[in-house]
Amino acid sequence: MALQDGYSINTTVDDQDSDTAPLLEKEVKKITVPPKCCSVRCNLAAMMFFGFAVVYGLRVNLSVAMVAMVNGTTDQSPTNGNISNECPVPNHTLDNSSQSSEQPDGIPRYPWDSKTQGMLLSAFFFGYLFTQIPGGYLSGRFGGSLFLGGGVLGTAVLTLLTPLSAQLGAKWLFALRALEGFGEGVTFPAMMAMWARWAPPLERARLMTFSGAGSSFGAFVALPLTGFICHSWGWPAVFYSCGGVGCLWAVFWFILVSDEPRTHPRISDREKYYIINSIGSQGTAHGWSVPLLSMMLSVPLWAIIIPQMCSNWSYYTLLTSLPIYMDTVLHFDLQQNSFLSALPYLAGWLFAVGSGVLADNLLERELLSVTAVRKIFTFIGLFLPAVCLLAVGYTGCSGVLAVTFLTLSSAFGGFSAAGVYINQIDIAPRYAGTLLGITNTFGTIPGVLAPIAVGYLTKDHSVAGWTNVFWLSAGVSAFGAIFYLIFGTGKIQSWARADEESDTEDTHKYN
């Protein structure tokens, strides 16, 4: 909202470079902030929430379906099988193991070894790498609704072709999953570009963490649902149902959503005025040129890139490989596997949403600076999960302890949603989509490497191999927490200021 002398929430009269100054004058805020309930900005958050739930359903369905797609008896020998014999197999699992992943008549199964499975699970991220930066740049230039909706729709349509591609061979399935990643790569940068135009600074954390938490919710719902569908109707039904839901969501998205408040046909004048004037000139589209050199030389940007890569290593390790760990080491049957694999994402979803509300309250009450809030939430969200992952490595064959520590790891990880994961919009609101494209491109590299590393480390399906997986993930995550604690910031960078804002600041400084 506009303040004195043309200032918005994104500028401060006394010290433009200080992130300790109030983001909004209390007297103005009390009078002009419109209700959040049923507001257009909250409806947008809800649409994004369900959109990212669909996105992650499309992404993780293969992780559980893989258990049903693979013929576990192929190339199995007493010394080198697909199932570890270190941990005792429960009697009920012995009785039901053949039935748990048994498929209805006519459903094919494939002789893919652990390395092939690792490559197929990482294929998505090969394509995901290439559209992050273009998606962020184009969303910042033209608006994000087309790219977010189109990315989900394209991925959903391709998902419908998964059974056909699997039947044609592993190489065809690898190519299809890579294409799905290519289409989905634009979604998160588009989300960030849209929130740069829609999210008032004092509501950023709660709006963005709620919408982004749809990914954890999607994984939580998709994992057990995938197991149930695989068991009841066969694994092809998983991809048909997920693809159909994605197409249905896209229809509602294109009908209900606009790129910015100025073009939304159903927004109230009061809410439109509040959003536009609170964000100020930073909420406008950037031009064709962006300060790429300044971005890549910016220490605060690398302070986002490195921790996101470290956090994503652990996240993608669990996202793609946890069902395999549950199956080959802990010997849960397919339905138990999918339900227990989902528990960490339920915890991550709840803690992510809560962290956004808490972070905004700390800023609204002026208890901490933006930098302090981002650092505290990032440290909790990366370091404590590392401790929990170390603990998983020592649980041995205890399924209860393993699931408990994995759930705690994801719960603490939810705090980073209000930390490093929304830091782009703090340091450069106008270029937030482009920055998220850059950080997500680097952050996707673990998605390519982690499943391959897991396949290599666990080729003998031993407990020791999985202990090495958890040790590696914990060490990487802890390094990211320390790196951000040293170099992270919440201040707007000089290269990110809009021309109008810089002119206003200079005029005020010399008058």
Side-chain angles (χ1 to χ4, degrees), residues 59-87 89 93-94 96-126 158-180 223 226-227 229-240 242 319-338 341 448 450-462 465-466 469:
R59 187 182 300 192
V60 306
N61 50 23
L62 185 63
S63 300
V64 174
M66 184 72 74
V67 177
M69 294 171 73
V70 173
N71 184 350
T73 62
T74 302
D75 297 329
Q76 187 170 336
S77 66
T79 59
N80 186 24
N82 286 333
I83 302 297
S84 170
N85 294 319
E86 292 182 73
C87 296
V89 182
T93 303
L94 283 171
N96 298 325
S97 59
S98 61
Q99 289 83 11
S100 64
S101 58
E102 193 72 26
Q103 295 296 286
D105 293 340
I107 302 297
R109 304 183 75 182
Y110 306 102
W112 297 332
D113 59 23
S114 62
K115 291 182 180 179
T116 301
Q117 293 177 52
M119 289 296 295
L120 290 173
L121 290 172
S122 68
F124 178 94
F125 300 100
F126 280 95
L158 290 171
T159 297
L160 296 172
L161 301 176
T162 301
L164 175 62
S165 64
Q167 195 168 10
L168 293 174
K171 292 181 179 179
W172 284 90
L173 180 57
F174 183 94
L176 183 78
R177 291 289 293 182
L179 280 176
E180 288 182 29
L223 287 167
T226 297
I229 293 173
C230 280
H231 181 71
S232 301
W233 298 296
W235 62 261
V238 169
F239 302 102
Y240 296 137
C242 288
L319 188 71
T320 58
S321 303
L322 185 56
I324 297 174
Y325 171 69
M326 298 282 192
D327 176 47
T328 60
V329 175
L330 301 181
H331 306 303
F332 293 118
D333 64 41
L334 183 60
Q335 294 187 65
Q336 289 176 319
N337 183 337
S338 55
S341 295
V448 176
I452 297 174
V454 170
Y456 176 79
L457 292 172
T458 63
K459 56 187 176 183
D460 59 352
H461 302 287
S462 66
W466 280 99
V469 168

### Message
Is it the case that the side chain of Gln117 and the backbone of Trp112 share a donor-acceptor pair, with hydrogens and angles ignored and the cut-off at 3.5 Å?
### Response
yes
### Arg109 (side chain) donor-acceptor with Met69 (main chain) under 3.5 angstrom
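Pair absent, no side-chain N/O of Arg109 close to backbone of Met69.
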### Task
Give, for atom CG of Leu457 and atom CH2 of Trp466, the distance between the pair rounded to the nearest 0.5 Å.
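Answer rounded to 0.5 Å: 9.5 Å.
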### Query
Rounded to the nearest 0.5 Å, how far does CZ of Phe239 lie from CG of Leu160?
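Reported value, rounded in 0.5 Å steps: 11.0 Å.
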Work out which heavy atom in [X] is nearest to a heavy atom in [Y]; give both atom names and the distance.
X	Y	result
Thr159	Thr162	O-OG1, 2.9 Å
Gly234	Ile107	CA-CG1, 4.4 Å
Ala65	Cys230	CA-SG, 3.9 Å

Please table the atom pairs, donor to acceptor, closer than 3.5 Å between any side-chain atom in residues 167-177 and protein atoms at least two apart or in another chain.
{"from": "Arg177", "atom 1": "NH1", "to": "Leu58", "atom 2": "O", "distance (Å)": "3.4"}
{"from": "Arg177", "atom 1": "NH1", "to": "Glu180", "atom 2": "OE1", "distance (Å)": "3.4"}
{"from": "Arg177", "atom 1": "NH2", "to": "Arg59", "atom 2": "O", "distance (Å)": "2.9"}

### Query
Does a side-chain heavy-atom distance below 4.5 Å link Met66 with Trp235?
no
